[in-house]
Number of protein chains: 2
Amino acid sequence: MKHGWAAAAQSGRAASQQGMRRQNLALVMTTVAAHGPMSRAAVAERTGLTRAAVSSLVDELHSAGLLTESGSVPSGRAGRPGRALALSERGPAGLGLEVGVGHLGACVVDLRGEVRVWLRVAAANRNRRAEEVLAELTAVSERAVGEARASGLRPVAAVLAVPGLVGDAPGTVERAPNLGWRDVAASELCAHGLPLEVDNEANLGALAELWQGAGACDFIHVSAAEGIGAALVVGGRVFRGARGFAGELGHVPVRPDGPVCACGARGCLEQYAGEEAVLRQAGLGRGEDAVRRLASRARDGDRRALGALERAGEALGTTLAGAVNLVDPAAVVLGGAYAELGDWLLPGMRRELATRTLRRWPPEALLVSALGRRGPLTGAGMAAIRRIIEDPAVWRPTD
Amino acid sequence: MKHGWAAAAQSGRAASQQGMRRQNLALVMTTVAAHGPMSRAAVAERTGLTRAAVSSLVDELHSAGLLTESGSVPSGRAGRPGRALALSERGPAGLGLEVGVGHLGACVVDLRGEVRVWLRVAAANRNRRAEEVLAELTAVSERAVGEARASGLRPVAAVLAVPGLVGDAPGTVERAPNLGWRDVAASELCAHGLPLEVDNEANLGALAELWQGAGACDFIHVSAAEGIGAALVVGGRVFRGARGFAGELGHVPVRPDGPVCACGARGCLEQYAGEEAVLRQAGLGRGEDAVRRLASRARDGDRRALGALERAGEALGTTLAGAVNLVDPAAVVLGGAYAELGDWLLPGMRRELATRTLRRWPPEALLVSALGRRGPLTGAGMAAIRRIIEDPAVWRPTD
DNA sequence: ACTAATTTGTTTTCCGCCCTTACGAACAGG
DNA sequence: CCTGTTCGTAAGGGCGGAAAACAAATTAGT
């Protein structure tokens, strides 16, 4: 009989005192970020650290410009009032960038998670040279950075949202079919000298939902834009899979013998609920604001539009029911462009989810994103600054 | 515009020196477990700790009876040879228990991960009173514990594998339809005074595969026994979902209009690849060793058996293709009773997976478990002792 | 108004743990 | 036999959190 523990089972790094300090700095930051302005004593109680330790940690974060101390806040009860700690609104900030098929975007998010600058310009990027697109994006982002500086903010990291796959090489887009990109090294854009990370727009939209939404920390975020993508958020982190390709909801089979898909298989979800398929069934052509036109037709009671949305919702529901059975998320969030179509998609989805999920998966766990289209760019900005919150030690104010 | 970080985004605990020590003890244990007998210096190099720190940690683990020191091992190179450290084969051990529909099992696994005692007795447990079953299991497990003690082992924790759902309450089975159990508090069994944990057999089978297999640490383990269950292993841990119900592969829809399932929905995978459906299509009745009979018929070239297995493999493949698109695992492992049917299931599965997965998911990533039926019980024993390896601080030799 | 009680934040002391450095031990090679 | 190398251990130092004590600021009670 074979024995022994497989090598794959090992994990973890050595814990040192520096690592301990680092972890506790992060703990204070995330605690203040999550639970609003609060006193040192409240932080201590919530984290389990002593008040003395919290004081020391707060000192360090304060002198780094990450935490600010407002005046006394009367607690209502007896005793000396605590001094409210909050994340600085003038410290480092995150720069979010987005390349869409029809637009470019840039935003700046401060430490508190508030969007302080928001720029979005129309641009026909389909099959345009990547260098050109990135040059224009650089211009947009420089405007955003300028406005941020004027408000006392200092963008220190950037995240770019793209409608495509990001591979192993950091800062590069492996494939973005709708843009016609292939192996584009987007870090070239980094003219600001900021470290730039690239991620899929669906993943970033999900993160925005995680950080802004009423939020569970385990959910599936469905983001229908050109294709149908899903992001699995597990324990507050996007689950990327072994090779980074997780979340390809659009090519989960709905009917094994269904229509042939561009991917070569039959009956993929995209053939039922993809933008192109829905528009075709609704009798609409593709175009810039096709989704908006579809929504207005549905509002007017157009039979074909309503039927197409009904069928799309049903197919989405069937597929998501399978995903729910497999993953058991606390919620399913409908985001991206389809958030605007929620009114007409939801009934079919709910019906399918209700009949096809075991253990009475609660129907109220199916949500529509409040961010909708703004999700990816918002998420990019938040992800950029979130790195500092989750590891304040990387931030040196002297830089 | 809404702002602020959702409360869900917080995580992590305070790091203290005790926690640091604890983590490093675990690091040494897992390193030695994963990379065989090795010297202190080798542990230091691999973990990043200093040789001095490793010495101190090893001392503590040695005096707790968890590590043993063999004689000098010449490294071949110049210099003083190191003394080989290995996990003790006489220290604490894990007790694995299993209640199946047709059998009871108990095993004892030592720190090295080796199965030292293995007992399995036939028993007709379907719709039998839980108390009776557990009493008989207690008898079996006492025999196993006795044999283990005779070899110098000391079972210190137990894990029970059941074909059912384990809920929030620790140590209780929420539902096990094939046994007819409902809200059974299995911890009552704990006559040995050992702490007992209960888990689903599919999850434990997956863990056995993780720890014994050549193993990736992200994979989907399909375990077909009575129902069809799957366990998602993510980063070396079983992913249980928000409510602990993840992995219900059997009720993922294959054909939305297919035959009605016991769950109320239509076209669930179980209707195509479940044991009952396959046996019916193959013209076989249910029975104790039905799977074995099916395999022998297939070996003999029986048309109906081959056809049934072909169709089952295809349905499994379709469903798994969807799961692979969603989760992007490094491997899919076919375990449980169906491992014995791999020869006939695999072709259809491979075909479906090849056509329906994007990004050419490598066909060699579809594996058949070597453990097969022995998976859950093995995994239970390993899980029991693994707790001590992953947190040696919980183990007090004085007990 | 004045005191007691309570809560906050800081200071001081202490302890644990890892790191650095140094040293003895054990082996291979010339 | 001597040298170079590697292994394990020991001593000293620094860092970081815990525990306890103290000062500060407010409420409650009389």
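All values reported here derive from a predicted model rather than from experimental measurement. Letters A, B, ... are given to chains in the order of the sequence lines, protein chains preceding strands, and every chain is numbered from 1.
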Enquirer: Take Ala78(A) and Ala52(A), find for each the nucleotide of DNA chain C with the closest heavy atom, and name the residue whose nucleotide sits nearer the 5' end.
Expert: Ala78(A)
Enquirer: Please check the phosphate of dC19(C) (OP1 and OP2 only) for any side-chain N or O of Thr50(B) closer than 4.0 Å.
Expert: yes
Enquirer: Between Arg51(A) and Glu45(A), is the closest basic N to carboxylate O distance under 4.0 Å?
Expert: no
Enquirer: Using atom CG of Leu49(A) as one end and atom C1' of dA19(D) as the other, report the distance to the nearest whole Å.
Expert: 14 Å
Enquirer: Could you state the atom-to-atom distance from CG of Leu67(A) to P of dG9(C) in whole Å?
Expert: 13 Å
Enquirer: Given dC18(C), dT6(C), dT9(D), identify the nucleotide with an atom nearest to the side chain of Arg21(B).
Expert: dC18(C)
Enquirer: Does dC7(D) have OP1 or OP2 under 4.0 Å away from a side-chain N or O of Arg83(B)?
Expert: no
Enquirer: Below 3.5 Å, does any donor atom in the side chain of Arg80(A) face an acceptor in the base of dT8(C), or the other way round?
Expert: yes
Enquirer: Name the nucleic acid region contacted by Arg51(A), choosing base, sugar-phosphate or nothing; use a 4.0 angstrom heavy-atom cut-off, strictly under.
Expert: base
Enquirer: Between dG8(D) atom C1' and Asp59(B) atom CG, what is the distance in whole Å?
Expert: 10 Å
Enquirer: In terms of the nearest nucleotide of DNA chain C, which residue is placed more toward the 5' end: Pro81(B) or Gly48(B)?
Expert: Gly48(B)
Enquirer: Counting any heavy atom closer than 4.0 Å, what does Ser39(A) reach on the DNA or RNA strands: base, sugar-phosphate only, or nothing?
Expert: sugar-phosphate
Enquirer: Measure from CG on Leu57(A) to P on dC15(D) and round the result to the nearest Å.
Expert: 16 Å
Enquirer: Tell me: CE of Met20(B) to P of dG16(D), nearest whole Å?
Expert: 10 Å
Enquirer: Examine dT9(D): is either OP1 or OP2 under 4.0 Å from a nitrogen or oxygen in the side chain of Arg40(B)? Give yes or no.
Expert: yes
Enquirer: Counting the atoms with a prime plus P, OP1 and OP2 as sugar-phosphate, which does Ala14(A) contact under 4.0 Å by heavy atoms, base, sugar-phosphate, or nothing?
Expert: nothing
Enquirer: Checking Arg387(A) against Trp395(A): charged group under 6.0 Å from the ring centre and within 45 degrees of the axis?
Expert: no
Enquirer: Rounded to whole angstrom units, what separation is found between the CZ atom of Arg22(B) and the C1' atom of dG16(C)?
Expert: 16 Å
Enquirer: Please examine the side chains of Arg90(A) and Arg154(A), heavy atoms only from C-beta on, and report whether any two atoms are closer than 4.5 Å.
Expert: no
Enquirer: Answer yes when Glu60(A) and Arg21(A) have at least one side-chain N-carboxylate O distance shorter than 4.0 Å, and no when they do not.
Expert: yes
Enquirer: Ignoring hydrogens and angles, are the base of dG16(C) and the side chain of Gln17(B) linked by a donor-acceptor pair under 3.5 Å?
Expert: yes
Enquirer: Is any side-chain N or O of Asn24(B) closer than 4.0 Å to OP1 or OP2 of dC17(C)?
Expert: no
Enquirer: From CG of Leu27(A) over to C1' of dG16(D), roughly how many Å is that when rounded to an integer?
Expert: 15 Å
Enquirer: Can Glu390(A) and Arg22(A) be counted as an ion pair, charged N to O under 4.0 angstrom?
Expert: no
Enquirer: Under the criterion side chain to side chain contact (heavy atoms under 4.5 Å, CB included), which of Leu153(B), Ile388(B), Asp110(B) is the partner of Pro92(B)?
Expert: Ile388(B)
Enquirer: Would one find a side-chain N or O of Ser16(B) under 4.0 angstrom from OP1 or OP2 of dG17(D)?
Expert: no
Enquirer: Between P on dT8(C) and CZ on Arg46(A), what's the gap in Å once rounded to a whole number?
Expert: 14 Å
